[in-house]
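Here it is, the structure in full.
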Amino acid sequence: MILLDGKKTSADLKVEIAESVKELKAKGKKTPHLAAILVGTDGASMTYVNAKVKACELVGFNSTLIDLPEETSEETLLQEIEKLNNNNDIDGFIVQLPLPKHIDEQKVLMAVHPDKDVDGFHPTNVGRMTLDLPTFLPATPFGILELLERYKVETSGQHVVVIGRSHIVGRPMSILMSQKRPAGDATVTVAHSRTKNLKELTLQADIVVAALGIPEFLTGDMVKDGVTIIDVGITRIDDSSKKSGYRLAGDVHFESVAPKSSFITPVPGGVGPMTIAMLMKNTLLACERKS
Ligand code: L34
């Protein structure tokens, strides 16, 4: 069993990105600048956005955090987005999800200019991804591809079962891994809450991507020996024995699945840190594209 170490790999990536930033600066080019909009005070979202700002500092980017109250109107949020679209110093920006219920997420994502959409969520960029055209790949799937590639996990011709069909992970992951590309060329099955006989499918999988958001859902009896496991889930579970008051659980029951795996991502320290590193990568790309 080999751990796919997202913490270490993301640290390596950030060193590489910092090198590129130094080169840009030495050539007198612009410093990459990422902005993030956070609406409300959801604990997990605050943690993730703060980690993104910290990563910017580490790689030498400028960053701007726009912190808006929970009760912000959709109109105000759209105005903030328009300001960022028109601000030449901002190379890319994200609107952290989930948004409060009174705001139409689709409308918001469509307001982000595709050239600054470093999350890759705009329909134009989703379309470009689907058609194998150059674009910003959504950070979590992009991070998983990078992890599989760096650890030389064979994907060509392999059967991948993706559990979950969300717009940010399951759906793009299934498209990307079926494409002709590094960490691609796989045969992909997309499973979800209405799938019948899920266990029959996962037992056939060479690679399982668990992205359904149910803690410890995938258990050892559901996978074959030698499987590769990508655990995208990250749920906070109350735990009074912890200083924070919670522990983090993935969608995979690590204890029973790990002994059967050839490769497996831990939670924390797997897919999460990779998401942040790939957002940095996309921001660098956005900045380089402009010049
Ligand atoms: N717009 N919204 C937008 N873009 C994204 O790419 C995200 N995502 C997801 C939620 N909403 C988003 C993230 O940033 C999930 N996500 C994310 C980012 C980082 C981490 C987890 C999820 C992460 O760093 N996880 C750490 C543990 C952090 C903790 O202590 O809670 C890990 O080791 O897994």
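Note that ligands are numbered from 1 as they come in the structure, with each ligand's atoms numbered from 1 the same way. Numbers for residues simply follow the sequence, beginning at 1.
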For P268, the ligand 1 atoms whose distance to one of its heavy atoms is below 4.0 Å: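 The atoms of ligand 1 under 4.0 Å from a heavy atom of P268 are 32 (C), 33 (O), 34 (O).
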
Residue selection (non-hydrogen contact nearest atom 1 (N) of ligand 1) among D119, L248, L279: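 Answer by nearest heavy atom: D119.
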
Sidechain N-carboxylate O distance under 4.0 Å for D12, K8: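 Yes, charged N to carboxylate O under 4.0 Å.
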
Heavy-atom proximity to atom 11 (N) of ligand 1, best of N50, I168, L97: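 Nearest heavy atom to atom 11 (N) of ligand 1 lies in L97.
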
Heteroatom distance test (V95, ligand 1): nitrogen or oxygen, under 3.5 angstrom: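 The answer is yes, given that V95 and ligand 1 share an N or O pair closer than 3.5 Å.
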
Flag for H33-D91: side-chain donor and acceptor within less than 3.5 Å: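 Absent: no donor and acceptor within the cut-off.
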
Spatial distance of atom CD1 (I66) from atom CG (L38) [nearest 0.5 Å]: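 So the gap between those two atoms works out to 10.5 Å.
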
Lys/Arg-Asp/Glu bridge criterion (N-O < 4.0 Å) met for K30, D89: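 Counted as a salt bridge, because a side-chain N and a carboxylate O are separated by less than 4.0 Å.
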
Taking atom 21 (C) of ligand 1 as the reference point, the nearest protein heavy atom with its distance: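 It is Y48 CE2, 3.3 Å.
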
Under-4.0 Å salt bridge between R150 and E146: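 Looking at E146 together with R150, the answer is yes, because their closest N to O distance falls below 4.0 Å.
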
Check: Q96 N/O within less than 3.5 Å of ligand 1 N/O: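 For ligand 1, there is an N or O atom that lies under 3.5 Å from one belonging to Q96.
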
Atom indices of ligand 1, in the order listed, that fall short of 4.0 Å to a heavy atom of I276: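 Answer for ligand 1: 19 (C), 24 (O).
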
T47 side chain to R236 side chain, donor-acceptor N/O pair below 3.5 angstrom: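 Side-chain D/A pair, T47 to R236: present.
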
Min heavy-atom dist K52 to ligand 1 below 4.0 Å: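 Per 4.0 Å heavy-atom rule, K52 contacts ligand 1.
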
Donor + acceptor pair across side chains of S256, T219 (<3.5 Å):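 Judged by distance alone, the side chains do not pair up.
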
Pairing of K54 and E57 as salt bridge, 4.0 angstrom limit: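 Not counted as a salt bridge, because no side-chain N and carboxylate O are separated by less than 4.0 Å.
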
Residue P273 vicinity, atoms of ligand 1 by number, heavy atom under 4.0 Å: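 Per the distance check, 32 (C), 33 (O), 34 (O).
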
Nearest non-hydrogen protein atom, atom 26 (C) of ligand 1: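 Result for atom 26 (C) of ligand 1: I234 CD1, 4.1 Å.
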
N or O pair under 3.5 Å between T47 and ligand 1: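 No: no nitrogen or oxygen of T47 is under 3.5 Å from one in ligand 1.
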
G270, G272, G269, A51: member with heavy atom nearest to atom 33 (O) of ligand 1: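 The option holding the nearest heavy atom is G269.
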
